[in-house]
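What follows is a short report on a single structure.
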Number of protein chains: 2
Amino acid sequence: MTQTAQGSAVTLRDVAREAGVSVATASRALSPGVRNVRASARDRIMAAADKLGYRPNLTAQATSKGTTRTIAVVVSDIEHPYYSAIAQGVIEGAGPAGLIVTIAGSGYGAEDDLAVVRALRGLSPQMIILTGGGHGASASQDKLTEELRLYEARGGRVVAVGQDDLPFDTVVLGHRSGAAQLAELLAERGYTHPLLLGPATESTNAAEWERGFIEAAKASGIDIRDSDIHRSPITRDGAHALISRLARHGLRDADLIVAASDVMAIGAMTALRESGMEPGEHIGLAGFGNVVGAEDVTPELTTVELNLAAAGAAAVQLGLEAGTRRLRHINAEPILRESTPPRLFAH
Amino acid sequence: MTQTAQGSAVTLRDVAREAGVSVATASRALSPGVRNVRASARDRIMAAADKLGYRPNLTAQATSKGTTRTIAVVVSDIEHPYYSAIAQGVIEGAGPAGLIVTIAGSGYGAEDDLAVVRALRGLSPQMIILTGGGHGASASQDKLTEELRLYEARGGRVVAVGQDDLPFDTVVLGHRSGAAQLAELLAERGYTHPLLLGPATESTNAAEWERGFIEAAKASGIDIRDSDIHRSPITRDGAHALISRLARHGLRDADLIVAASDVMAIGAMTALRESGMEPGEHIGLAGFGNVVGAEDVTPELTTVELNLAAAGAAAVQLGLEAGTRRLRHINAEPILRESTPPRLFAH
DNA sequence: CTGAAAGCGCTTACAG
DNA sequence: CTGAAAGCGCTTACAG
């Protein structure tokens, strides 16, 4: 393939020539929001652009303007519905503003986010939305913050979705309040011995979820000990393996498993059944997030609706307005379904 | 925010000055695969870049080189696990080559793909991977092809994942052969009256799936009439609504529902149960794709493994090698599970 | 309202 | 191996 292929691209210069104006005026006529071009000239230019099939070179615009009409969203795992739901919200929010959204997958560690943000910065998006959910304090986290600050200094906007452990605009999700409400309702239904199933990786989202649940449980008279808290990879298979193992040794007196995500809860559900226990009947089961699929398992899964799409859209709004370090809260609400029926001897 | 913020960015010029060389040498030292720089100079330049926290401006590189070290994958719906699985495969395939992958969501029509590709072209990715699954012949489809040809003419690579109805390199998925194998196995299990549940939107993937199933069924002595084929939106809710309606009027003599995707099958499963029929027991149920969740519903869902991640990785490989209009086939394999138990009076 | 010119940050023949 | 210069496609003061 020769470099000549390059030559076939229609450029602004071509449009200008066709319309009989300078590239400067052609540029003005074609950029939205610029008024100072005579109507007749504008029309000729538009027509020429159309006729030639002109498509502006966005990267050239970017090197000239220093930014691109693009939103980059960083997710830990594109296959996890938690992230796709947020991404979908971002897309919906970006559409009206005429912004293209671009999704980049990282991984579950702060260093993963860091690597992706480094690469992304070079692409000069107008906004970077982080959805990783927080990694706690660490050297990588500090470097990530520093990298993002540099990006901001160049005029970029950064917004986080999750918890407020990054010093930027943040859409705060209801991991804590949602988990607390869930704990209260489950206590009312008569559950007394919950077992918590959290992620093995550091996650501020999960930490808030855990704290919210434990505190509210305590207020309802339920004490959750450290030995009641288990951790596995934040996937269907991770939870499945853990619960299978636990079930083999007996689940002691637990009457409820509460997972940090629906995906994990669903893996646990299958593991329970394979171990001869009927979820809902022998032991209650609750998830978190109200992800697609939660109401299609049997029994239907009790969970907490996080309103992820709304959060994604809100992140775009925050990023579009000027401001710093603002927090925007999105409410969560528990949804009780068949997997946590009222216990017989409710107090 | 003033434009001066821009000034704080570290540029190649800064690195060159720090190292005491020209920008040209600095550029050479920093670009991988370029040998002609004295080792000592290279070391000084690397050190300077490191010290200053230099991050190359990828958009500037792009306007200079005409391309970006980026792969753009176009998906119809990021929330659909079919697409996230392919995207995950692309990410895995792109990593070793040092390419960033960017995911853009479109919609289910050819005109949606067209709009996204237009926007994407401006970002000059090195490769565009289309996963839409084919839209059949139409004016939009022709325009899409034309747009992609222009992109190719500028040196870009395009690869499709799905069926071979686009005149570009294609990773062909086993919709047809997978569906055919499934039909044979289900016939062996004694099913005689399948009802097909396909997507309402035009899709070559689905058309192949349908043809594969019908032909193989016929070979096994099962005749599928037009009235046995139903269509709904390609979502959980779409299938749920359709099957609910059908169940109300009675499902006639159908002993099996075969859906074009697992997500649809899972929606159908819930609808059946809500209508008082036990999936697997009263009526068999099969999906397609072996998506996360398929083995976590009750009964576990019979489906066809499409090896989507492998397909995504294969697409990257195709795009990295030179060549045109090559077809690469990825095998599909049926997975029989509890949702299609052997019928009592199998022939 | 318009054009000539300088500039965005980088790459790459070209000539040493 | 290295530097000065031209160029990538666009934008935007500046001066009419």
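Throughout, a chain's letter reflects where its sequence line sits, starting with A, and its residues are numbered from 1.
Remark: dA13(D) base-pairs with no nucleotide; criterion is Watson-Crick or G-U wobble with both hydrogen-bond distances under 3.5 Å. Figure legend. dA4(C) is base-paired to no nucleotide; pairs are counted as Watson-Crick or G-U wobble with both atom distances under 3.5 Å.
The shortest distance between side-chain heavy atoms of Q61(A) and T68(A) does not fall below 4.5 Å. Between L308(B) and L173(B) the shortest side-chain heavy-atom distance falls below 4.5 Å. Contact annotation: the side chain of V158(B) approaches that of Y151(B) to within less than 4.5 Å [non-hydrogen atoms, C-beta and beyond]. In this structure, the side chains of L150(A) and R121(A) come closer than 4.5 Å at one or more pairs of heavy atoms. Contact annotation: the side chain of V159(B) never approaches that of T170(B) to less than 4.5 Å [non-hydrogen atoms, C-beta and beyond].
Taking atom CG of residue L123(B) and atom C1' of nucleotide dC8(D), one finds them 16 Å apart after rounding to whole Å. Look at CG on L12(A): it is 18 Å from P on dG7(D), rounded to the nearest Å. Put simply, NZ on K65(A) is 18 Å from P on dG9(D), counting in whole angstrom units. Counting to the nearest Å, the C1' atom of dC8(D) and the CG atom of D14(A) are 14 Å from each other.
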Name every donor-acceptor pair, under 3.5 Å, that has one atom in a side chain of residues 123-134 of chain B and the other anywhere in the protein, sequence neighbours excluded.
{"from": "T131(B)", "atom 1": "OG1", "to": "V74(B)", "atom 2": "O", "distance (Å)": "2.7"}

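Note that R149(B) lies in the cation-pi zone of F168(B), set by a 6.0 Å cut-off to the ring centre and a 45° limit from the axis.
Within the nucleic acid shown, T25(B) comes within 4.0 Å of sugar-phosphate atoms alone, with no base atom in reach, counting heavy atoms only. If you check every strand for non-hydrogen atoms under 4.0 Å, T11(B) touches sugar and phosphate atoms only.
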Can you give me the N/O atom pairs linking the protein to nucleotides 13-16 of chain D at distances under 3.5 Å, or say none if there are none?
{"from": "dA13(D)", "atom 1": "N6", "to": "R28(A)", "atom 2": "NH2", "distance (Å)": "2.8"}

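A salt bridge is absent between R44(A) and E18(A); no separation between the charged side-chain nitrogens and carboxylate oxygens falls under 4.0 Å.
For dC8(D), the OP1/OP2 oxygens have no side-chain nitrogen or oxygen of T63(B) closer than 4.0 Å. In this model, the phosphate group of dC10(D) is not approached by any side-chain N or O of S27(A) to a distance below 4.0 Å at OP1 or OP2. For the pair S64(B) and dT11(C), the criterion of a side-chain N or O lying under 4.0 Å from OP1 or OP2 is not met.
Only Y54(B), P56(B), N57(B), A60(B), Q61(B), listed by number, bring a heavy atom of residues 38-62 of chain B to less than 4.0 angstrom from any atom of DNA chain C.
If S31(A) and N36(B) are placed on DNA chain D by their nearest nucleotide, the residue sitting closer to the 5' end is N36(B).
Here, dT12(D) and dG16(D) have their C1' atoms 16 Å apart, quoted to the whole Å.
With respect to I103(A), the side-chain contact (heavy atoms from CB on, under 4.5 Å) criterion is satisfied by exactly one of I86(A), V90(A), V75(A): V75(A).
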